[in-house]
Amino acid sequence: MHVKQLLPRAGAIAAVLALAGCASSSPFAGASDTELMFITAAQTWDLDKDNTVTCDEWKQYTTEFFQGADANRDGALTPDEFRTIAAQDKLFETADLKYFDRNGDGRLTLAEFTDTPNPAFRRLDRNGDCRLASDEFARQFMVKAEPQKDPTDNSMPRR
């Protein structure tokens with residue numbers, strides 16, 4: 001979410017984080033801070049405002065940030081360039097350059113940024129259609145616990 005969008009959502013984020021920490025039967029039981037940040041930010045990626053967030057919208061969102069931050073237009077972000085993204089969207093303070101830098105070279109390519117599996121889709125997209133519809137967002141507030149997916153499985157649902 002952009003900085004100007006963060007303040008109104010701070011209460012919702014705090015409530016979700018409190019729920020995750022306090023309710024052992026929460027669907028967030030065992031979720032990392034990074035997963036929680038992705039889940040609470042997911043609705044901000046609904047670029048066409050149709051109440052459904054798609055993997056394509058996530059990729060468009062990250063691509064726009066990447067292109068805006070790649071100051072020297074070399075196709076890779078340095079840590080300094082990535083910090084400009086984190087300054088605009090607090091999600092990228094938690095999911096930092098290391099989170100996305102799959103080959104560990106200290107630089108982030110567009111493919112690394114857009115193709116890194118998004119935890120919101122892993123947690124909420126139960127039918128695997130790469131779309132988070134309103135009923136899937138409602139899962140955030142369910143009380144029933146759900147089993148954890150293998151953390152080494154980085155697959156992202158595909159269309």
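- For the side chain to side chain contact (heavy atoms under 4.5 Å, CB included) test, residues two or more places apart in sequence or in another chain that qualify with Asp48 are Asp46, Asp50, Glu57.
- The shortest distance between side-chain heavy atoms of Arg107 and Thr78 falls below 4.5 Å.
- Taken to the nearest 0.5 Å, the CG atom of Asp96 stands 11.5 Å off from the CD1 atom of Ile85.
- Between Leu132 and the choices Val53, Thr52, Ile39, the side chain to side chain contact (heavy atoms under 4.5 Å, CB included) rule is met once, by Val53.
- Side-chain contact check for Leu36 versus Thr34: every heavy-atom pair is 4.5 Å or farther apart.
- Sorted by first then second residue, the salt bridge (charged side-chain N to carboxylate O under 4.0 Å, His left out) pairs that include residues 76-86, not counting sequence neighbours, are Asp80-Arg83.
- Although no hydrogens or angles enter the test, the distance criterion places no donor-acceptor pair under 3.5 Å between the side chain of Asp56 and the main chain of Gln60.
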TODO: Under the side chain to side chain contact (heavy atoms under 4.5 Å, CB included) rule, what do Arg122 and Glu35 come out as? Steps first, then yes or no, please.
DONE: CA-CA 9 Å; Arg122 281 197 314 245; Glu35 287 177 311; 4.3 Å; yes
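- In this structure the side chain of Trp45 reaches within 4.5 angstrom of the side chain of Asn118, judged on heavy atoms.
- The aromatic rings of Phe38 and Trp58 stand perpendicular to each other, their planes meeting at an angle above 60°, with 30° marking the opposite boundary.
- Side-chain atoms of Lys59 and Asp115, non-hydrogen and from C-beta on, do get closer than 4.5 Å to each other.
- Expressed to the nearest 0.5 Å, how far OH of Tyr61 lies from OG1 of Thr54 amounts to 14.0 Å.
- Within the model, atoms CG of Leu110 and CG of Asp70 stand 9.0 Å from one another, a figure rounded to the nearest 0.5 Å.
- At most 12 heavy atoms of other shown residues, nucleotides or ligands fall within 6.0 angstrom of atom CG in Asn51.
- Scanning all heavy atoms of the two residues, the minimum distance from Arg102 to Pro117 falls at NH2-CD, 3.4 Å.
- Ring pair Phe92/Phe82 is perpendicular by interplanar angle, where above 60° counts as perpendicular and below 30° as parallel.
- Nearest heavy-atom pair, Ala42 versus Ala120, reported as atom, atom and distance to 0.1 Å: CB-CB, 4.1 Å.
- Side-chain contact check for Phe66 versus Thr114: every heavy-atom pair is 4.5 Å or farther apart.
- Across every non-hydrogen atom of Pro119 and Tyr99, the tightest pair is CG-OH, 3.2 Å.
- Formation of a donor-acceptor pair under 3.5 Å by the Arg73 side chain with backbone atoms of Gln67 is found in this model.
- Looking only at distances, no side-chain donor or acceptor of Glu112 sits under 3.5 Å from a matching main-chain atom of Asp101.
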